[in-house]
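The structure under discussion appears below in the form of structure tokens.
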Amino acid sequence: MLMRKVPGFVPASPWGLRLPQKFLFLLFLSGLVTLCFGALFLLPHSSRLKRLFLAPRTQQPGLEVVAEIAGHAPAREQEPPPNPAPAAPAPGEDDPSSRASPRRRKGGLRRTRPTGPREEATAARGNSIPASRPGDEGVSFRFDFNAFRSRLRHPVLGMRADESQEPQSRVRAQREKVKEMMQFAWQSYKRYAMGKNELRPLTKDGYEGNMFGGLSGATVIDSLDTLYLMELKEEFQEAKAWVEESFHLNVSGEASLFEVNIRYIGGLLSAFYLTGEEVFRIKAIRLGEKLLPAFNTPTGIPKGVVSFKSGSWGWATAGSSSILAEFGSLHLEFLHLTELSGNQVFAEKVRNIRKVLRKIEKPFGLYPNFLSPVSGNWVQHHVSVGGLGDSFYEYLIKSWLMSGKTDMEAKNMYYEALEAIETYLLNVSPGGLTYIAEWRGGILDHKMGHLACFSGGMIALGAEDAKEEKRAHYRELAAQITKTCHESYARSDTKLGPEAFWFNSGREAIATQLSESYYILRPEVVESYMYLWRQTHNPIYREWGWEVVLALEKHCRTEAGFSGIQDVYSSTPSHDNKQQSFFLAETLKYLYLLFSEDDLLSLEDWVFNTEAHPLPVNHSDSSGRAWGRH
């Protein structure tokens with residue numbers, strides 16, 4: 001009390017500090033604490049420290065997650081397991097899931113090298129997925145690879161009888177010949193064009209093109225699963241090493257959403273599901289994130305081209321349109337991106353495409369090829385089961401099958417579309433050939449493109465789940481369309497089919513002009529042979545397939561790889577100097593499967609995307625999160 005009465009005296013705080021000093025000290029202390037905690041959350045490689053303070057937000061993996069394509073509630077959040085999935089065996093090794101005590105590789109899986117901040121910033125811009133920081137790959141989400149493999153009903157590579165005990169059968173020799181063709185195509189690419197998108201065999205160099213926005217190595221990604229299933233072990237390891245060391249995503253060009261999805265995303269997803277190697281999963285998710293800006297349109301229907309530099313969707317004019325086969329061929333891959341990332345944004349994007357297509361009025365039940373992503377209206381009434389429309393229908397029936405036959409929306413859309421196609425597009429020529437014409441506002445063009453020849457296999461694949469009274473009809477229809485496509489090959493000098501063929505003026509299954517007479521190593525005809533063989537085991541399909549092998553060897557094989565030809569009606573055709581990546585992904589794969597047992601990539605376990613990359617069917621026994629159940 002006495003001290004307070006002394007004029008000019010200010011008592012000290014209990015810490016020996018005057019009040020202004022105390023205030024400054026507390027201010028400094030609070031700033032220091034804020035700085036420390038901010039650094040904890042913002043510095044790179046801090047994800048482990050964050051987990052000390054933040055509850056993780058991730059979903060329990062499992063193939064059933066992907067199936068949420070019909071508005072089901074998201075899975076409950078729970079902490080991810082701490083360890084990455086073990087890798088599958090290399091081609092030719094035993095499947096660890098078939099043993100009681102699976103062997104784990106030392107050190108777990110190799111992680112992909114960080115791709116840099118520029119790439120991650122581009123991937124994050126305009127999306128709801130934040131960019132991953134270097135070093136965080138695969139930490140926040142774990143896919144249970146062993147559980148997935150244990151649900152498969154057949155070994156991935158089949159029962160694989162001991163070839164030393166197998167008789168030297170003709171079909172085995174045919175299979176080995178196709179394998180040799182693949183090995184030659186890969187080695188030629190590796191020697192002259194490794195890392196480029198495609199090989200030019202005549203000039204013995206590589207070709208980049210402008211479809212992929214600066215991405216490289218399309219042939220590498222497209223070849224991974226073919227090399228694996230053919231048990232070309234050394235070649236597969238070469239391809240895998242290139243992906244690990246040289247496949248960079250920090251590109252800035254404009255890319256085709258469709259082509260990047262079916263070739264790169266599809267190839268990486270397939271390689272992961274076959275091997276369990278984390279590098280493929282991580283690259284697929286990162287690349288998928290870079291595609292998301294294409295969906296930033298008024299309707300959510302994606303544009304065909306996405307800019308990796310700006311993250312925009314390009315061509316933002318009211319008169320531009322998106323192509324049915326392109327925006328309709330994302331469903332399989334994007335569901336699996338959700339499955340492997342735990343992020344629902346991929347599935348939500350393709351769910352919205354379905355929603356738009358279900359609501360819009362369709363002329364006579366048909367789906368025109370062009371849709372405005374701005375207005376959500378059809379731009380013109382051109383309908384085709386060939387180019388511009390083809391894989392949209394393919395992905396409907398395959399979505400049904402991939403869901404474990406729970407995606408009723410896809411099933412109904414497919415059979416409704418098929419009925420409309422039969423009613424308005426299906427024709428039989430005077431010579432008795434069944435074909436699917438093109439429809440332009442009610443007027444038919446009596447032609448089929450080579451691309452439409454996949455439809456025989458598609459209809460065969462869907463016949464089993466049609467109404468009982470329609471099953472036999474669809475099997476016969478599939479056989480007749482496949483026969484017509486075979487005729488387009490048989491009626492050429494090279495025994496290879498043209499890009500398009502007509503039915504008019506007494507000429508059937510023949511191209512009528514040079515601009516449609518080329519063959520670019522396309523797979524659709526042998527694709528249908530493979531499906532029809534597996535359904536019927538009619539030896540005619542293997543005979544027709546072998547005719548294709550001989551024609552490829554005679555007319556398309558060069559000193560340094562395989563090349564397309566410019567005129568199938570010339571006995572000495574000129575080459576186009578291009579070994580398409582899909583030749584290794586599709587044509588040779590389907591031929592190899594045609595001469596293999598049915599349990600090699602069994603259709604009970606796998607569906608093929610439109611680039612022939614196998615993606616697994618959902619065999620989950622969980623009923624709570626079924627794939628698209630309605």
Side-chain angles (χ1 to χ4, degrees), residues 178 226 262 266 325 328-329 332 384-387 389-402 410-411 414-415 417-418 421-422 425-426 433-436 448-466 470-489 497 521-548 582-583 585-596 598 600-615 617:
V178 176
T226 308
I262 66 170
S329 302
L332 305 184
S384 170
V385 180
D390 48 6
S391 48
F392 163 71
Y393 306 99
E394 174 189 359
Y395 272 40
L396 290 178
I397 188 60
K398 289 181 176 178
S399 293
W400 158 251
L401 296 172
M402 194 178 79
K411 179 184 180 182
Y414 169 75
Y415 289 111
L418 186 56
I421 289 167
E422 274 201 88
L425 276 63
L426 192 68
L433 296 180
T434 301
Y435 63 98
I436 302 176
M448 273 187 77
H450 194 292
L451 289 167
C453 284
F454 86 98
S455 59
M458 176 188 73
I459 294 170
L461 190 62
E464 178 184 348
D465 296 312
K470 299 279 284 184
R471 293 172 188 170
H473 165 70
Y474 284 141
R475 291 189 181 104
E476 179 60 22
L477 178 59
Q480 290 301 319
I481 292 173
T482 302
K483 177 184 176 183
T484 297
C485 291
H486 170 259
E487 286 298 314
S488 75
Y489 276 53
L521 307 175
R522 287 203 186 276
E524 290 78 20
V525 173
V526 296
E527 175 183 357
S528 286
Y529 293 169
M530 188 278 290
Y531 282 115
L532 269 293
W533 162 256
R534 287 206 172 181
Q535 184 180 91
T536 69
H537 285 183
N538 185 335
I540 193 65
Y541 298 112
R542 279 182 166 174
E543 292 175 19
W544 291 350
W546 188 243
E547 290 172 3
V548 175
F582 56 68
F583 178 67
E586 300 185 72
T587 310
L588 293 177
K589 182 187 284 115
Y590 284 131
L591 285 168
Y592 188 80
L593 293 172
L594 177 62
F595 297 111
S596 299
D598 292 357
L600 175 59
L601 291 180
S602 168
L603 297 182
E604 287 190 76
D605 288 327
W606 305 90
V607 297
F608 295 93
N609 85 338
T610 199
E611 191 80 2
H613 295 306
L615 299 172
V617 171

Looking at every non-hydrogen atom in both residues, tell me the closest pair between [X] and [Y] and how far apart they are.
| X | Y | answer |
| --- | --- | --- |
| G545 | L591 | O-CD2, 3.7 Å |
| L521 | F583 | CB-CD1, 3.6 Å |
| Y590 | N609 | OH-O, 4.3 Å |

Contact check, side chains of Y531 and Q535, non-hydrogen atoms, under 4.5 Å: no

Side-chain heavy-atom pair V607, I397 within 4.5 angstrom cut-off: no

Counting distance only, does the side-chain N/O of K483 pair as donor-acceptor with the main-chain N or O of L433 below 3.5 Å? no

What residues form a side chain to side chain donor-acceptor pair (under 3.5 Å) with E487, not counting sequence neighbours? R491

Mind checking side chain to side chain donor-acceptor pair (under 3.5 Å) for S528 and listing every partner two or more places apart, or none if nothing turns up? none

Cationic N near anionic O, under 4.0 Å, K589 to E527: no

Parallel, tilted or perpendicular, judged at 30° and 60°: which one describes the rings of H537 and W533? parallel

Please work out which of the three classes, parallel, tilted or perpendicular, describes the rings of H486 and Y529, given edges at 30° and 60°. tilted

Across all chains, not counting sequence neighbours, the side-chain contact (heavy atoms from CB on, under 4.5 Å) partners of A452 are M448

